Asks: 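There's a structure below that I have some questions on.
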Number of protein chains: 2
Amino acid sequence: MMGTTKTDFYTDRQNELAILIKALGHPARIAIIQHLLKVDSCICGDLVNELPLAQPTVSQHLKELKNAGLIKGSVEGNAICYCLDENGFEKVKSFFQNINDFIEKKKTSCC
Amino acid sequence: MMGTTKTDFYTDRQNELAILIKALGHPARIAIIQHLLKVDSCICGDLVNELPLAQPTVSQHLKELKNAGLIKGSVEGNAICYCLDENGFEKVKSFFQNINDFIEKKKTSCC
DNA sequence: TAACTTTATCGTAATATTGCAATATTAATA
DNA sequence: TATTAATATTGCAATATTACGATAAAGTTA
């Protein structure tokens, strides 16, 4: 049990948010998302050339983003076409919105 | 070098975002932020009672959030008073804003 | 000053993550 | 059907993270 996150003691929402946000907490995965925003379309493999990583490592990062629900992929010939998945981002949206609203309102910082 | 993130090959912005977002990618640290939003003030130690973790572990999570620039603490007697740090959240704001704008515009999902 | 309260740090065990070579899989094409 | 192209999976080494007991540090109070 040592070294393992105690997921059972948090709310489903807290665990859900943590999984989603954790999936974004790596520069390679940030770079993948940014690339998807930039090219404004699907990416099919050329991503390996964009990143300083070997193909299996890129594949692994894509899998993590996909499992989290932040990107989705569809088979396109013998390639796979990835794009942003709005479902995942929708789920973190309100969390950051709440924080931004809080900060906006609370101009009087207490610390 | 194996097992280590290749930070040198990413942009400063990508590394900065990854550090900030990674700091939020744990249910205990999500819970800490949510608690700060809820109580609408500083927290002084009572946080240990809110979380299913021992005091040293809570202290460690607080340190991570503080190092990332997401919370700040001030000495208040023999206690420490923590609250949200707007600087850190300001830095991730535009990233998620860009994604939300992108999703809003691009109603025609390609996958 | 001694006892107490609160938070931080150290040391360590257990687990998770990162990255890659080798290999498998799947689909297109010659 | 063999070959090629693109992506996924496996296995493994190195590093990072998580959690906690023991202890230290710093302030408060009796």
Side-chain angles (χ1 to χ4, degrees), chain A residues 1-10 14-15 18-32 35-36 42-68 71-83 111, chain B residues 1-10 14-15 18-32 35-36 42-68 71-83 111:
Chain A
M1 308 275 180
M2 208 167 193
T4 320
T5 299
K6 300 167 90 175
T7 22
D8 291 353
F9 296 91
Y10 303 101
Q14 286 165 343
N15 286 316
I19 288 171
L20 282 161
I21 294 174
K22 188 181 193 177
L24 286 172
H26 190 287
R29 298 193 288 269
I30 293 283
I32 290 171
H35 188 67
L36 281 169
C42 295
I43 43 170
C44 308
D46 55 333
L47 202 53
V48 177
N49 305 318
E50 293 283 329
L51 295 174
L53 300 169
Q55 180 268 324
T57 311
V58 174
S59 187
Q60 188 177 278
H61 283 304
L62 287 167
K63 189 181 178 182
E64 278 182 72
L65 287 170
K66 197 174 154 198
N67 285 343
I71 63 172
K72 50 190 172 182
S74 59
V75 179
E76 195 83 20
N78 61 348
I80 306 236
C81 182
Y82 284 106
C83 63
C111 294
Chain B
M1 308 278 179
M2 208 165 191
T4 320
T5 299
K6 299 168 87 175
T7 24
D8 291 353
F9 296 91
Y10 303 102
Q14 285 165 345
N15 286 317
I19 288 170
L20 283 160
I21 294 174
K22 188 181 192 177
L24 287 171
H26 189 287
R29 298 193 289 269
I30 293 282
I32 290 171
H35 187 68
L36 281 170
C42 296
I43 43 171
C44 308
D46 55 334
L47 202 53
V48 176
N49 305 318
E50 294 283 329
L51 295 175
L53 299 169
Q55 180 269 324
T57 311
V58 175
S59 188
Q60 189 177 277
H61 283 305
L62 287 167
K63 189 180 177 183
E64 278 182 71
L65 287 169
K66 197 173 156 200
N67 285 344
I71 65 173
K72 48 190 173 181
S74 59
V75 180
E76 196 83 18
N78 61 348
I80 307 239
C81 182
Y82 283 106
C83 64
C111 292

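Letters go in sequence order (proteins before strands), and every chain restarts at 1. In what follows, every heavy atom counts, from backbone to side chain, and hydrogens, waters and symmetry copies are set aside. Note that the structure is predicted; figures quoted are calculated from it, not measured.
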Asks: Which sits closer to the 5' end of DNA chain C, B/Lys6 or B/Val48, going by the nucleotide each is nearest to?
Replies: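 Result of the comparison: B/Val48.
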Asks: If you check every side-chain atom of A/Met2, which of C/dA8, C/dA13, C/dA22 has the closest atom?
Replies: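 Of C/dA8, C/dA13, C/dA22, C/dA13 is nearest to the side chain of A/Met2.
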Asks: When you match B/Ala54 and B/Thr5 each to their closest nucleotide on DNA chain D, which lands nearer the 5' end?
Replies: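 The residue closer to the strand's 5' end, by nearest nucleotide, is B/Thr5.
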Asks: Which is it for B/Asp46 and B/His35 under the side chain to side chain contact (heavy atoms under 4.5 Å, CB included) test, yes or no, and what are the steps along the way?
Replies: CA-CA 10 Å; B/Asp46 55 334; B/His35 187 68; 4.0 Å; yes
Asks: Measure CG/A/Leu65 against C1'/D/dA8 and give the value in whole Å, please.
Replies: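 It is 16 Å, rounded to the nearest whole Å.
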Asks: Of B/Thr4 and A/Gly3, whose closest DNA chain D nucleotide lies nearer the 5' terminus?
Replies: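 First, find each residue's nearest nucleotide; the 5'-ward one identifies B/Thr4.
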Asks: Taking the nucleotide of DNA chain C with the nearest heavy atom to each, does A/Gly77 or A/His61 sit closer to the 5' end?
Replies: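 Nearest nucleotide further toward 5': that of A/His61.
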Asks: Within the 4.0 Å heavy-atom criterion, would you say B/Leu62 contacts the bases, only the backbone, or no part of the nucleic acid?
Replies: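 Nothing, no heavy atom under 4.0 Å.
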Asks: Which whole-number value in Å describes the distance from A/Ile43 CD1 to D/dA6 P?
Replies: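 The distance from CD1 of A/Ile43 to P of D/dA6 comes to 15 Å, rounded to the nearest Å.
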Asks: Please report the distance, rounded to the nearest Å, between CG in A/Asp8 and P in D/dT18.
Replies: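 Taking atom P of D/dT18 as the reference, CG of A/Asp8 is at 17 Å.
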Asks: Side chain of B/Gln60, heavy atoms from C-beta onward: which of D/dT18, C/dT7, C/dG19 has the nearest atom to it?
Replies: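 Nearest to the side chain of B/Gln60 among the choices is D/dT18.
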Asks: Take the protein atom CG of B/Asn67 and the nucleotide atom C1' of C/dA8, then report the distance between them rounded to whole Å.
Replies: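 In whole Å, C/dA8 C1' lies 13 Å from B/Asn67 CG.
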Asks: Side chain of A/Glu64 only, please: which of D/dT18, C/dT18, D/dA19 is the nearest?
Replies: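 Of the options given, the side chain of A/Glu64 lies nearest C/dT18.
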Asks: Can you tell me how far the NZ atom of A/Lys72 sits from the NZ atom of A/Lys66, to the nearest 0.5 Å?
Replies: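 A/Lys72 NZ to A/Lys66 NZ: 12.0 Å, rounded to 0.5 Å.
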Asks: Starting at atom CD1 of A/Ile30, determine the distance to atom C1' of C/dT18, rounded to an integer number of angstrom.
Replies: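 Rounding to the nearest Å, CD1 of A/Ile30 and C1' of C/dT18 are 16 Å apart.
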Asks: Any side-chain heavy atom of B/Leu62 sitting closer than 4.5 Å to one from B/Leu47?
Replies: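 Answer yes - side chains close enough.
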Asks: Please determine if a side-chain N or O atom of B/Ser59 lies less than 4.0 Å away from the OP1 or OP2 oxygen of C/dA8.
Replies: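 Yes.
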Asks: Considering only C/dT18, D/dA19, C/dT7, which nucleotide approaches the side chain of B/His26 most closely?
Replies: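 Between C/dT18, D/dA19, C/dT7, the one nearest the side chain of B/His26 would be D/dA19.
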Asks: Figure out the CG/C1' separation between B/Leu53 and D/dC20, and round it to whole Å.
Replies: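 Rounding to the nearest Å, CG of B/Leu53 and C1' of D/dC20 are 10 Å apart.
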Asks: OP1 or OP2 of C/dC20 less than 4.0 angstrom from a side-chain nitrogen or oxygen of A/Thr57, does that happen here?
Replies: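 Indeed, a polar side-chain atom of A/Thr57 lies that close.
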Asks: Provide, to the nearest angstrom, the distance between the CD1 atom belonging to B/Ile32 and the P atom belonging to D/dA19.
Replies: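 After rounding, the gap between these two atoms is 10 Å.
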Asks: Classify the nucleic acid contact of B/Lys22 as base, sugar-phosphate or nothing, counting any heavy atom under 4.0 Å across all strands shown.
Replies: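 Result for B/Lys22 = sugar-phosphate.
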Asks: Assess whether one donor atom and one acceptor atom, taken from the side chain of B/Gln55 and the base of C/dA8, lie less than 3.5 Å apart.
Replies: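 For B/Gln55, whose side chain was compared with the base of C/dA8, there is a donor-acceptor pair (under 3.5 Å).
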Asks: Out of D/dT9, C/dT18, C/dT9, which has the shortest distance to the side chain of B/Pro56?
Replies: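 For the B/Pro56 side chain, the nearest candidate turns out to be C/dT9.
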Asks: Report yes or no: is there a donor-acceptor pair, N or O only, under 3.5 Å between the side chain of B/Asn78 and the base of C/dT5?
Replies: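 Donor-acceptor pair under 3.5 Å: yes.
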Asks: Indicate whether OP1 or OP2 belonging to D/dT7 is found under 4.0 Å from a side-chain N or O atom of A/Lys63.
Replies: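 It does not, given that no N or O in the side chain of A/Lys63 lies less than 4.0 Å from OP1 or OP2 of D/dT7.
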Asks: At under 4.0 Å, does any side-chain N or O of A/Tyr82 touch on OP1 or OP2 of D/dA6?
Replies: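 No, because none of the side-chain N or O atoms of A/Tyr82 sits under 4.0 Å from OP1 or OP2 of D/dA6.
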Asks: Rounded at 0.5 Å granularity, tell me how far CD in B/Gln14 sits from OG1 in B/Thr7.
Replies: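 So the gap between those two atoms works out to 11.5 Å.
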Asks: Working to the nearest 0.5 angstrom, can you tell me the gap between A/Lys6 NZ and A/Asn15 CG?
Replies: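 One finds 13.0 Å between NZ of A/Lys6 and CG of A/Asn15.
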Asks: Could you give the CD1-to-P distance, from A/Ile21 to D/dT17, as a whole number of Å?
Replies: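 Taking CD1 of A/Ile21 and P of D/dT17, I get 17 Å after rounding.
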Asks: Could you grab the distance from atom CD1 of A/Ile71 to atom SG of A/Cys81, nearest 0.5 Å is fine?
Replies: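 Rounded to the nearest 0.5 Å, the CD1-SG separation comes to 10.5 Å.
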